[in-house]
2 protein chains.
Amino acid sequence: MGRPRTFDDDVVLSRAMEAFWTNGYGGTSPAQLAEATGIAKGSLYNAFASKRELFTKCLELYHRQVAELAKGLLEHPGTTRECIGAALRFVVDSDLAQPLRRGCLVGNTAVELAGHDADIAQKIRGMQDESTGWFEARIQRGQRDGDVSRDLDPRAYAEYLANTLAGLRVMAMTHEAPVLYRIIETTLSTF
Amino acid sequence: MGRPRTFDDDVVLSRAMEAFWTNGYGGTSPAQLAEATGIAKGSLYNAFASKRELFTKCLELYHRQVAELAKGLLEHPGTTRECIGAALRFVVDSDLAQPLRRGCLVGNTAVELAGHDADIAQKIRGMQDESTGWFEARIQRGQRDGDVSRDLDPRAYAEYLANTLAGLRVMAMTHEAPVLYRIIETTLSTF
DNA sequence: ACCTTTCTTGAACTACTGGTCTAAAACGTG
DNA sequence: CACGTTTTAGACCAGTAGTTCAAGAAAGGT
């Protein structure tokens with residue numbers, strides 16, 4: 001029944017995500033999206049209704065990818081401090097390894113759109129809360145394992161780490177590795 | 001000699017800054033700038049050459065205003081910890097008091113433009129370094145006053161605080177006061 | 001009073017925006 | 001192998017982007 005898609009939705013989504021990540025929502029035109037994905041504007045709108053909806057899907061894809069990575073990193077063997085340090089350093093390394101500094105799509109979107117768009121703001125908030133949750137879970141495990149003090153409030157400390165991470169990704173837009181590593185060291189020295 | 005300006009450059013700059021702060025560089029059109037400043041597009045281009053140059057001037061104005069405020073706050077009476085806490089809380093309170101969440105113009109610009117524009121990136125970097133300098137100076141004073149340990153590396157800790165601040169202003173786009181205050185508390189509890 | 005200079009303004013300009021539509025082509029199905 | 005459905009590439013649209021410009025207006029110098 002009907003002609004099938006000639007493109008893989010996930011591949012298109014992934015390429016569109018790269019474009020949005022590089023240029024922001026407002027900075028990415030339908031023409032650029034067509035160019036980046038390799039399919040025509042018409043097909044893009046047929047498949048994803050609007051630029052807004054395509055962006056939302058890209059944002060969700062980004063978050064899913066981050067989630068997978070983050071969980072992997074935090075479940076690695078090692079102490080809580082080692083794990084969290086490795087995770088933060090990994091993010092910084094990834095940011096710096098790219099030819100263009102792009103920051104974090106979630107953070108960038110918070111800055112670009114959250115103030116004007118309650119819907120997006122809520123989605124972003126949800127993603128940030130989830131990230132905080134990963135840190136929280138790792139800290140709680142640390143308390144069970146005995147390498148994190150029971151006096152530490154896991155939620156508060158997870159929020160603190162999420163904030164540090166948000167900061168790092170802004171700082172990575174303009175700073176080099178030594179400064180960023182030093183910030184991570186100082187952060188880790190606090191527990 | 002020649003017809004004099006009918007407008008005050010500083011007033012126009014300040015209004016343009018508000019517009020850029022609210023909508024970002026790319027999100028602010030010449031028409032909006034004309035509307036916001038109250039002078040015609042032509043006059044704007046006559047006085048400021050281009051949107052880019054106008055923006056640069058706005059960015060510098062913003063930084064100068066922040067500098068004045070920051071210095072005032074950090075020179076207040078009280079311990080280092082009290083001073084820095086008050087400064088961070090002040091920023092959060094200001095962010096949340098506004099009708100629209102706008103974050104920090106310097107941070108927002110880092111995210112929006114630093115990756116694509118080396119010139120802007122350098123300017124932003126300079127402003128961030130200056131902010132770090134204020135923290136550093138306050139910590140050094142604290143070490144002289146005796147309320148901060150001599151073991152603490154003032155530069156590293158200042159970078160750490162600048163990073164926390166950068167994070168807070170992104171987090172303030174989507175989070176409410178209690179979370180932000182808790183992050184500040186956790187940060188302050190580390191020295 | 002004129003000339004020069006600098007300012008102001010609104011219109012004009014080109015290129016491109018986000019988004020829609022259409023005609024043709026491509027398929028799975030019966 | 002024709003059917004109806006769906007995809008596709010590109011034309012198309014009104015609107016806006018950032019910028020320039022011609023024409024007039026307000027001042028000082030002569």
Side-chain angles (χ1 to χ4, degrees), chain A residues 1-59 105 108-109 112-113 115-117 119-120, chain B residues 1-59 105 108-109 112-113 115-120 123:
Chain A
M1 41 172 82
R3 177 178 173 176
R5 291 248 159 103
T6 54
F7 56 87
D8 181 344
D9 281 36
D10 289 343
V11 171
V12 166
L13 225 50
S14 163
R15 293 194 182 146
M17 184 198 79
E18 293 289 328
F20 280 129
W21 191 2
T22 305
N23 300 106
Y25 177 75
T28 310
S29 71
Q32 281 173 278
L33 288 166
E35 157 90 51
T37 56
I39 65 177
K41 263 198 296 182
S43 303
L44 226 43
Y45 275 84
N46 173 256
F48 301 101
S50 71
K51 190 183 164 188
R52 243 314 280 280
E53 248 180 71
L54 172 59
F55 180 71
T56 306
K57 287 232 168 71
C58 289
L59 200 58
L105 184 57
N108 298 359
T109 303
E112 185 184 355
L113 301 176
H116 306 286
D117 187 326
D119 227 53
I120 289 274
Chain B
M1 40 172 84
R3 179 174 175 175
R5 289 251 158 101
T6 54
F7 57 86
D8 181 344
D9 282 36
D10 289 343
V11 171
V12 165
L13 227 48
S14 161
R15 292 192 182 149
M17 184 197 79
E18 293 289 327
F20 279 128
W21 191 2
T22 305
N23 299 108
Y25 176 75
T28 310
S29 70
Q32 280 173 279
L33 288 166
E35 158 89 50
T37 56
I39 65 177
K41 268 198 284 186
S43 302
L44 228 42
Y45 275 85
N46 173 255
F48 301 102
S50 70
K51 189 184 164 186
R52 243 312 282 277
E53 247 179 71
L54 173 58
F55 180 71
T56 306
K57 288 234 167 69
C58 289
L59 200 58
L105 183 57
N108 297 358
T109 303
E112 185 185 355
L113 301 177
H116 307 284
D117 187 326
D119 227 53
I120 289 273
K123 283 199 172 64

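Since we're looking at a predicted model, the values are computed, not measured. Letters go in sequence order (proteins before strands), and every chain restarts at 1.
Residues forming a side-chain hydrogen bond (donor to acceptor under 3.5 Å, both in side chains) with A/Thr28 (at least two apart in sequence, or on another chain): none. By the side-chain hydrogen bond (donor to acceptor under 3.5 Å, both in side chains) test, B/Arg52 is found to be paired with B/Asp117, residues two or more places apart in sequence or in another chain being considered. A search for ring-ring contact (aromatic ring centres under 6.0 Å, His included) contacts involving B/Phe48 returns nothing, not counting sequence neighbours. Legend: residues meeting side-chain contact (heavy atoms from CB on, under 4.5 Å) with B/Ala47, ordered by chain and number and at least two apart, are B/Arg5, B/Phe7. Taking B/Lys123 as the reference, B/Asp119 meet the salt bridge (Lys or Arg N to Asp or Glu O under 4.0 Å) condition, with sequence neighbours excluded.
For A/Glu35 and D/dA9, the CD to P distance is 13 Å, given to the nearest whole Å. Computed from coordinates, the A/Phe48 CZ to C/dG19 C1' distance equals 16 Å when rounded to whole Å. Here C/dG19 presents its C1' atom at 18 Å from CZ of A/Phe55, a figure rounded to the nearest Å.
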Given protein heavy atoms under 4.0 Å, the one-letter contact record of nucleotides 4-17 of chain C, with B base, S sugar-phosphate only and - none, is simply -BBBBBB------S
